[in-house]
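Below is one structure, written out as structure tokens, with a few remarks after it.
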Amino acid sequence: TSEGDHVIGIDRAHLEEDAAKTVHRGGSTGRIGGAETSLVDFNRGGTPLVEIVTEPDLRSAADAAECFSRLREILVALGVNDGNMEEGSLRCDANVSIRPVGATALGTKAEVKNVNSFRYLEKALAFEIERQIDVVSSGGRVVQETRLWDSDTGETRSMRSKEEAHDYRYFPEPDL
């Protein structure tokens, strides 16, 4: 950000296909551990996706919502996406990590998955930032995991752990 101008820095983009979605029921809602049944939804299986990854240079939940809003405007203006977030044409997965003032290294990240509105994105990230600050301030450590935004409770909740994941693997495609 420089004098109010916002720049969206795209680090990389890659193509993939939407896979089937699993829904876990009973026990701990939404999680496989303790679920009584699991269902597989193939409705969007095979749908092409483009994932755009930005550099970790946003400093607030409001900045992230603004960046995503501007990215949506660009995609709609280019005609490559209808921007319909409620129907799932556009969603945001955001990684959140905190660091002490003056530090350069980011802390452990937690991913907030499938946020489908700018308002929810800002609320989810504001909550997640405060959650991580509370964890670290109380002497705990942030766990690398995927979290979901629950708009009913106004909180993020754990979906799955990534404790053993080193990170996603990106393989460059020279023809793109």
Side-chain angles (χ1 to χ4, degrees), residues 8-35 38-41 44 49-68 71 85 88 90-173:
I8 299 171
I10 305 300
D11 182 42
R12 60 186 166 260
H14 70 266
L15 299 173
E16 58 185 61
E17 285 186 6
D18 203 342
K21 173 176 143 182
T22 55
V23 180
H24 309 291
R25 299 246 168 101
S28 57
T29 306
R31 299 195 65 186
I32 194 167
S38 294
L39 306 172
V40 182
D41 178 354
R44 292 177 31 178
L49 301 172
V50 174
E51 183 170 300
I52 299 170
V53 181
T54 63
E55 288 288 337
D57 56 2
L58 301 169
R59 303 287 185 249
S60 72
D63 283 352
E66 175 68 18
C67 177
F68 191 53
L71 179 59
M85 296 172 71
L90 183 66
R91 293 191 181 171
C92 182
D93 298 348
N95 291 319
V96 176
S97 59
I98 61 170
R99 63 180 168 204
V101 173
T104 56
L106 292 169
T108 301
K109 67 183 173 188
E111 178 184 32
V112 180
K113 190 93 171 142
N114 289 329
V115 183
N116 67 352
S117 82
F118 305 117
R119 183 172 52 109
Y120 287 160
L121 176 62
E122 188 168 350
K123 287 181 176 188
L125 298 184
F127 176 86
E128 185 58 24
I129 290 165
E130 286 304 314
R131 184 190 75 80
Q132 289 187 22
I133 289 171
D134 289 347
V135 167
V136 172
S137 296
S138 65
R141 67 177 188 85
V142 175
V143 175
Q144 186 174 350
E145 64 183 335
T146 300
R147 300 181 66 84
L148 295 175
W149 170 246
D150 186 331
S151 59
D152 293 333
T153 63
E155 299 177 343
T156 62
R157 61 182 167 83
S158 182
M159 178 181 159
R160 66 178 170 256
S161 173
K162 291 186 173 181
E163 196 62 26
E164 299 301 319
H166 297 288
D167 209 340
Y168 288 105
R169 307 293 194 273
Y170 289 98
F171 298 98
E173 171 55 58

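Reckoned from all heavy atoms, side chains included, excluding hydrogens, waters and symmetry mates.
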Sequence neighbours left out, cut at 3.5 Å: what donor-acceptor pairs do the side chains of residues 118-126 make with other protein atoms?
none

Could you give the distance from OG1 (T108) to CD (Q144), rounded to the nearest 0.5 Å? 7.0 Å
Residue list, side-chain contact (heavy atoms from CB on, under 4.5 Å) with [X], at least two apart or on another chain:
| X | result |
| --- | --- |
| A105 | none |
| T153 | D150, E155 |
| I133 | I98, I129, E130, S137 |

Heavy atoms, side chains only, cut-off 4.5 Å: are T156 and R131 in contact? yes
Can you check whether L90 reaches F68 side chain to side chain, under 4.5 Å on heavy atoms? yes
Do R147 and E145 meet the salt-bridge criterion of a basic N to acidic O distance under 4.0 Å? yes
Contacts satisfying salt bridge (charged side-chain N to carboxylate O under 4.0 Å, His left out) that involve residues 91-101 (not counting sequence neighbours) are D93-K113
Taking every heavy atom of S97 against every heavy atom of Q132, the minimum-distance pair comes out as CA-OE1, 3.5 Å
Partners meeting ring pair (Phe, Tyr, Trp, His ring centres under 6.0 Å) with F127 (sequence neighbours left out): none
Checking side-chain contact (heavy atoms from CB on, under 4.5 Å) between E111 and each of V96, T146, L148, which is the one that passes? T146
